[in-house]
Each structure stands twice: as structure tokens, then as C-alpha cells.
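Notes for the one structure printed next.
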Amino acid sequence: MGPAALTKLTLTGKAAGFDARTVPAGQTEAGREMKADKAACQPLASLAGGYTHLPSVGVEHRSLDPLEAKNATVGSMWVVSHSPQDAQRVMSDLRTSLKECPKGFKTLGLAYTDVRAVPAPELGDETVGYRITNVVGKQNVSMTYTVVRAGGLIAAFYGVNMLTPDHSAIPEPLVRAQLERLG
């Protein structure tokens, strides 16, 4: 899927309790440089930067802000277009990284620790869920990722909830809404 079609099919506006806003490319470009200090951890580092570790045909980023004041989960999502074979490899390499990098990695002066798989909704062709802790200053920030493959597309969702870290995953209804748009 080319960049124009990807833009059209990526959620924008209010959906499933969140406001999905377009993120200008200039705000995401630094993420392309997320190189892990351990090669085995590169798929995790690339996703932390908002990209996949394999070159893509196109990528669309959205910020996700809750519509309800009592929802403390914020995050982002991005949809990446690959060949079906590369998309399968992204998922396979991600699963390998989760096994080989439980203590985390460093990149761009940032430390990511405590990497572990978490349950994810069974959507698309395959799904991987994991939680990772980013050490910012002296504060630990737990982030939950849900990564879904549908054919040659990867839809990645990242959530943070500072009040209740165990509830930081972007809710399934939003993930499902994005996958439905992709067809």
C-alpha cells in the first residue's frame, strides 16, 4: 500500500474514546535513528522510535488522546506498509527480541528496561503485546505496545498510563477500529 492510500486509511479524529491526530513527519524523524546497543534488541528500539526495523513503503503516525477526563491512558499509533514477507519478518524478529532482551537496551542516551510479553487481543493475522519500562531521569515510565500484522501492514499502538501502568495498553476497540479501516 502506497503512502497516499495509507494516509487515507489511518484513523484521524474521534474514534473508540480517543482523538487520533496526525503527527507531522518532522516530529517523528528522530525515531528513525533509534539504534539499540544490542543488535538483537533493534526491533524493540525501532518500535520505541515509531518505526519498524525494516525499511517500509510508507508510515503514518497519529497521537492518541483520551476523550474522557477519567481515562489516563495516552499514546500513539502508526501504520506501516511492507511487503507481506517483510511484515511477517517484522513480527518474527519482534518475538525474538522479546525473548533475547528481557533486561532491555539503550539507545540515544535512553535506557529501556524490564521488557516482557503481555496478553494482546487476537486480531489481524498475528499480534504481539509487550510492556517495556523507559527510565526518564529517575522516573520509570511503563509503556505497553500492541503490534498487529494484517497482510503487509503493521499497526503499532503504544500507551502510557502514569496513574495505573498495568492499564496502559491502548484499548482493543481502538485497535479494532483501525484494523477495520485497513480492511
Side-chain angles (χ1 to χ4, degrees), residues 23 27-64 73-150 152-162 165-172 174-175 178-179:
V23 178
Q27 291 182 12
T28 62
E29 282 306 309
R32 287 189 194 271
E33 302 305 315
M34 301 281 279
K35 301 295 180 210
D37 61 342
K38 302 172 201 163
C41 304
Q42 189 57 49
L44 294 165
S46 292
L47 284 168
Y51 292 89
T52 56
H53 66 291
L54 298 178
S56 64
V57 175
V59 61
E60 275 293 316
H61 291 90
R62 299 291 185 267
S63 64
L64 299 173
T73 299
V74 298
S76 60
M77 68 176 211
W78 51 102
V79 180
V80 187
S81 179
H82 285 284
S83 69
Q85 296 81 9
D86 279 355
Q88 289 173 348
R89 184 172 157 212
V90 165
M91 299 301 279
S92 174
D93 291 352
L94 176 57
R95 284 187 178 90
T96 299
S97 280
L98 286 170
K99 290 176 187 167
E100 294 186 13
C101 302
K103 294 186 181 189
F105 57 92
K106 292 181 181 172
T107 179
L108 296 180
L110 301 171
Y112 292 85
T113 63
D114 191 26
V115 179
R116 57 191 154 97
V118 296
E122 292 184 21
L123 299 170
D125 296 319
E126 56 183 319
T127 308
V128 173
Y130 64 96
R131 185 164 298 132
I132 189 168
T133 300
N134 184 1
V135 182
V136 181
K138 295 186 181 201
Q139 181 152 0
N140 292 335
V141 179
S142 291
M143 305 170 291
T144 302
Y145 287 79
T146 303
V147 184
V148 183
R149 181 182 69 81
L153 298 172
I154 302 288
F157 302 83
Y158 142 85
V160 173
N161 185 321
M162 297 297 286
D166 287 343
H167 294 103
S168 60
I170 297 301
E172 183 177 338
L174 183 67
V175 176
Q178 177 57 70
L179 291 175

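In what follows, every heavy atom counts, from backbone to side chain, and hydrogens, waters and symmetry copies are set aside.
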| said: Is it the case that the side chains of Ser168 and Asn161 hold a donor-acceptor pair, with the cut-off being a distance below 3.5 Å and no angle test? | reply: no
| message | Quiz question: by atom type and distance under 3.5 Å, do the side chains of Glu100 and Thr96 form a donor-acceptor pair? | response | no
| Roughly how far apart are Thr52 OG1 and His82 NE2, rounded to 0.5 Å? | 3.0 Å
| request: Please answer whether the main-chain N or O of Leu123 pairs with a side-chain N or O of Thr127 as donor and acceptor at a distance below 3.5 Å. | output: yes
| task | For the pair His61 (side chain) and Gly50 (backbone), establish whether a donor and an acceptor sit closer than 3.5 Å, ignoring hydrogens and angles. | result | yes
| Nearest 0.5 Å, what's the CD-CE distance between Glu126 and Met91? | 4.5 Å
| message | Let's go through Val115 and Leu98 carefully: what are the C-alpha distance in whole Å and the side-chain angles of both, what is the deciding distance for side chain to side chain contact (heavy atoms under 4.5 Å, CB included) to 0.1 Å, and is it a yes or a no? | response | CA-CA 7 Å; Val115 179; Leu98 286 170; 3.6 Å; yes
| message | Show the nearest heavy-atom pair for residues Arg62 and Val23, with the distance to one decimal. | response | C-CG2, 3.7 Å
| query | Yes or no on side chain to side chain contact (heavy atoms under 4.5 Å, CB included) for Val80 and Leu153, after CA distance, side-chain angles and deciding distance? | reply | CA-CA 6 Å; Val80 187; Leu153 298 172; over 6 Å; no
| query | Rounded to the nearest 0.5 Å, how far apart are OG of Ser63 and CD of Gln27? | reply | 8.5 Å
| request: Go through the steps to decide whether Asp125 and Arg149 satisfy the test salt bridge (charged side-chain N to carboxylate O under 4.0 Å, His left out), and finish with yes or no. | output: CA-CA 6 Å; Asp125 296 319; Arg149 181 182 69 81; 3.4 Å; yes
| said: Contact between Tyr130 and Leu94 at the side-chain level, heavy atoms closer than 4.5 Å - yes or no? | reply: yes
| request: Given salt bridge (charged side-chain N to carboxylate O under 4.0 Å, His left out), test Arg116 with Asp114 step by step and report yes or no. | output: CA-CA 6 Å; Arg116 57 191 154 97; Asp114 191 26; 3.6 Å; yes
| note | Taken to the nearest 0.5 Å, the spacing of Tyr158 OH from Ser76 OG works out to 6.0 Å
| said: Let's go through Thr146 and Ile170 carefully: what are the C-alpha distance in whole Å and the side-chain angles of both, what is the deciding distance for side chain to side chain contact (heavy atoms under 4.5 Å, CB included) to 0.1 Å, and is it a yes or a no? | reply: CA-CA 8 Å; Thr146 303; Ile170 297 301; 5.7 Å; no
| said: Testing the basics here: between Ala150 and Leu179, what is the closest heavy-atom pair and its distance to 0.1 Å? | reply: CB-CD2, 4.5 Å
| field | Any side-chain heavy-atom pair of Val59 and Val79 under 4.5 Å | value | no
| Taking all non-hydrogen atoms of both residues, which atom of Thr133 and which atom of Ser142 are closest, and how far apart? | OG1-OG, 3.6 Å
| field | pair Val74-Leu64: side-chain heavy atoms closer than 4.5 Å | value | no
| query | Asp166 versus Arg131: any side-chain heavy-atom pair under 4.5 Å? | reply | yes
| task | Begin from the C-alpha positions of Ser92 and Gln88 and carry the test side chain to side chain donor-acceptor pair (under 3.5 Å) through to its verdict. | result | CA-CA 6 Å; Ser92 174; Gln88 289 173 348; over 6 Å; no
| Crowding at NZ, Lys38 (>12 non-hydrogen neighbours, <6.0 Å) | yes
| Within a strict 4.5 Å, meaning less than it, do heavy atoms of the Trp78 and Thr28 side chains meet? | no
| Test side chain to side chain contact (heavy atoms under 4.5 Å, CB included) applied to Lys35 and Phe105, step by step | CA-CA 10 Å; Lys35 301 295 180 210; Phe105 57 92; over 6 Å; no
| Asp93 and His53: which non-hydrogen atoms are nearest, and at how many Å? | OD2-NE2, 2.8 Å
| query | Under 3.5 Å, is there a donor-acceptor pair between the side chain of Thr113 and the main chain of Lys103? | reply | no
| Note, Val118 side chain near Thr144 side chain (heavy atom, < 4.5 Å) | yes
| Rounded distance [0.5 Å steps], OG in Ser83 versus CZ in Arg89 | 10.0 Å
| remark: Scanning both residues in full, the closest heavy-atom pair of Met162 with Pro165 reads O-CD, 4.3 Å
| message | What I'd like to find out is whether the side chain of Met143 reaches to under 4.5 Å of the side chain of Tyr112, using heavy atoms alone. | response | yes
| query | Between CD of Gln42 and CG of Asp37, what distance do you get to the nearest 0.5 Å? | reply | 10.0 Å
| Quick one: does Phe157's side chain get under 4.5 Å of Glu172's, heavy atoms only? | no
| field | Nearest atoms (heavy-atom pairs only) where Cys41 meets Ser97 | value | CA-OG, 3.9 Å
